[in-house]
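Start at 1 and go down the list; that is how both ligands and their atoms are numbered.
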Amino acid sequence: MTETAEFSSFWSWWVIAITLGSIFGCVWLLWVTRKSQKFDSETEETMGHSFDGIEEYDNPLPQWWMWMFLATIVFGLVYLALYPGLGNFKGLLTLEVDGKTVPWTQENQWAVEVAEDEKLYAPLYAELAAIPVEELITNDRAMKMGQRLFANNCQVCHGAAGRGSLGFPNLTDNDWLYGGTPEKIKETLHQGRIAAMPAWEAILGSQGIVEVAHYVRQMSGQETVDAELAAAGAPKFAANCAACHGADGTGMQLLGAPNLTDSIWLYGGTQNMVEMTLRNGRAGVMPAFQEKLGDDRIHIVAAYVYSLSRNN
Ligand code: HEC
Ligand code: HEC
């Protein structure tokens, strides 16, 4: 249940007075114009003014129009009575949320529907969550559910097919920042991940950055490397980078430090992009899903991700 913001009581009455005042003002206007005219009495009389020869008959409002207007007024009053919106008045409709009777609001209605869905699907999720990931990936129904969970929660960053994009890792290859076992994938989802790649401009200087970038590209097997610059970069790498990326540059999953010796790049492997990574540092953030999805759904979507990496 959520609390909605309230007006101070002066402004609440202000809104109520203006709203009801205008509605009853309309009723009054309808009433007096009705009284002053004979219904069903079309005349040839005009209002007496003429604009470029255009004149106006002095006829009463059509009946059907009157009744429509009255109907909208009645609808409006019923609506204002049932639903919140009239100043601080909460409306007469109520809902049951967590065993408590609360006024109708969009948020409360949403909470009711979520709770109903939860009751419906929780046993199903629980049943699937009891099956180990390795087995779950052969279960079509679970994979369909996993795919839907992925589409709703992960696709915005990792792409519809899970192939990622600049800064968002591809989940379908077998190259893992943090590890691709079911346990590691679940850990990533439960707690989220924050990568910390420091910025090196201040320590290495611009020339140092260029040299180390050449060395990094050499490690990954690129041919367009200047061997001299790379050689100058090697000791700088050993001194500054090996602690996280490993002496051989193959990375460290405990820290999410990527393998730099393959040709898979999270941020791009051109000289420019590697230099940019080194100059400014990087801090990729994978949000935690524990609260949003809960254990059972995480198990299912983790199985789906696990299956993606194995199908490719
Ligand atoms: C807001 C964007 C965002 C969303 C939403 C998101 N992720 Fe991520 N995810 C990332 C980023 C960024 C990383 C890489 C973090 C880093 O740079 O270390 C990542 C990393 C991962 C990893 C680790 C990959 C590896 O190589 O170890 C997995 C697994 C993963 N995400 C799965 C998911 C799943 C499943 C969902 C949906 C439930 C999801 N992500 C939703 C941004 C997102
Ligand atoms: C404190 C640990 C740490 C140190 C020290 C460190 N890195 Fe990193 N590095 C990381 C992490 C973590 C990432 C992943 C960043 C992300 O996912 O946002 C990363 C990412 C990178 C990338 C991007 C790889 C890609 O796939 O796009 C490059 C290149 C890189 N580091 C090179 C270096 C070099 C060169 C040094 C030394 C000058 C260095 N790193 C020092 C932790 C470290």
(message) Within ligand 2, which atoms have a heavy atom of V216 less than 4.0 Å away?
(response) 35 (C)
(request) Just grab all the side-chain hydrogen bond (donor to acceptor under 3.5 Å, both in side chains) pairs involving residues 262-284, residues at least two apart or on different chains. (result) R217-Q271, Q271-E275, T277-R282
(request) Classify the contact between A213 and ligand 2 as side chain, backbone, both or neither, using a heavy-atom distance cut-off of under 4.0 Å. (result) neither
(message) Centre-to-centre under 6.0 Å for W14 and W11, is that the case here?
(response) yes
(request) Keeping the roles fixed (side chain from N108, backbone from P103), state whether a donor-acceptor pair exists under 3.5 Å. (result) yes
(message) Among all the protein's non-hydrogen atoms, which is closest to atom 15 (C) of ligand 2, and how far away is it?
(response) A195 CB, 3.6 Å
(request) Just need the protein heavy atom nearest to atom 27 (O) of ligand 2, so name the residue and atom and give the distance. (result) Y267 N, 2.7 Å
(message) Starting from atom 42 (C) of ligand 2, what is the nearest protein heavy atom, named by residue and atom, and what distance separates them?
(response) A196 O, 3.5 Å
(request) With the side chain counted from C-beta on, respond yes when L255 and C244 share a heavy-atom pair under 4.5 Å apart, and no when they do not. (result) yes
(message) I'd like to check which ligand 2 atoms, numbered from 1 as shown, lie under 4.0 Å from a non-hydrogen atom of V212.
(response) 35 (C)
(message) Between E56 and H49, is the side chain to side chain donor-acceptor pair (under 3.5 Å) condition met? List the steps.
(response) CA-CA 7 Å; E56 194 184 349; H49 43 236; 3.1 Å; yes
(message) Do W104 and P84 have side chains that approach each other closer than 4.5 Å (heavy atoms only, starting at C-beta)?
(response) yes
(request) With the side chain counted from C-beta on, respond yes when L128 and N139 share a heavy-atom pair under 4.5 Å apart, and no when they do not. (result) yes
(message) Suppose we measure from atom 26 (O) of ligand 1 to each protein heavy atom; which comes out shortest, and what is that distance?
(response) L177 N, 2.6 Å
(request) Taking only heavy atoms of W265 into account, list the atoms of ligand 2 that are under 4.0 Å away from them. (result) 25 (C), 26 (O), 27 (O)
(message) As a quick check of understanding, evaluate side chain to side chain donor-acceptor pair (under 3.5 Å) for Q253 and W176, giving each step before the final call.
(response) CA-CA 8 Å; Q253 294 190 337; W176 297 95; over 6 Å; no
(request) Kindly indicate whether the side chain of F237, heavy atoms from C-beta on, has any atom under 4.5 Å from the side chain of H245. (result) yes
(request) Could you tell me which atoms of ligand 2, counted from 1 in the order shown, lie closer than 4.0 angstrom to a heavy atom of L255? (result) 12 (C)
(request) Kindly indicate whether the side chain of T94, heavy atoms from C-beta on, has any atom under 4.5 Å from the side chain of V102. (result) no
(message) Using modelled atom types and a 3.5 Å cut-off, is there a donor and acceptor pairing between side-chain atoms of H214 and backbone atoms of D226?
(response) yes
(message) For atom 8 (Fe) of ligand 2, what is the number of protein N, O or S atoms at a distance under 2.8 Å?
(response) 2
(message) What I want to find out is whether K186 reaches E183 closely enough, with some N-O distance under 4.0 Å, to be called a salt bridge.
(response) no
(request) For atom 18 (O) of ligand 1, find the nearest protein heavy atom and state the residue, atom name and distance (0.1 Å precision). (result) Y178 OH, 2.6 Å
(request) Kindly compute the distance separating OH (Y178) from CD1 (I185), expressed to the nearest 0.5 Å. (result) 14.0 Å
(message) Among all the protein's non-hydrogen atoms, which is closest to atom 5 (C) of ligand 1, and how far away is it?
(response) N153 O, 3.3 Å
(request) For atom 25 (C) of ligand 2, find the nearest protein heavy atom and state the residue, atom name and distance (0.1 Å precision). (result) L266 N, 3.3 Å
(message) I need the contact type for W176 against ligand 1. Using non-hydrogen atoms and a strict under-4.0 Å cut-off, is it side chain, backbone, both or neither?
(response) both
(request) Take atom 8 (Fe) of ligand 1 and tell me which protein N, O or S atoms are nearer than 2.8 Å. (result) H158 NE2, M286 SD
(request) Compare all side-chain heavy atoms of L229 with those of Q207 and state whether any distance is below 4.5 angstrom. (result) yes
(message) I'd like to check L124 versus R141 (side-chain heavy atoms, cut-off strictly below 4.5 Å). Are they in contact?
(response) yes
(request) Using modelled atom types only, decide if a donor and an acceptor are shared between the side chain of S50 and the backbone of E55 within a distance under 3.5 Å. (result) no
(request) Sort and list the pairs that fulfil salt bridge (Lys or Arg N to Asp or Glu O under 4.0 Å) and have at least one residue in residues 233-261, not counting sequence neighbours. (result) E211-K236
(request) Give the contacting part of V305 toward ligand 1: side chain, backbone, both or neither, where contact means a heavy-atom distance below 4.0 Å. (result) side chain
(request) Run the ring-centre check on W65 versus F69 and record whether the distance is less than 6.0 Å. (result) yes
(request) Provide, to 0.1 Å, the distance between atom 41 (C) of ligand 2 and the closest protein heavy atom, together with that atom's residue and name. (result) W200 CZ2, 3.4 Å
(request) Could you tell me the residue and atom name of the protein heavy atom closest to atom 17 (O) of ligand 1, and the distance to it rounded to 0.1 Å? (result) G284 CA, 3.3 Å
(request) Note the single closest protein heavy atom to atom 11 (C) of ligand 1, along with its residue, its atom name and the distance in Å. (result) V285 O, 3.6 Å
(request) Report, in ascending order of atom number, the atoms of ligand 1 lying under 4.0 Å from any heavy atom of G167. (result) 12 (C)
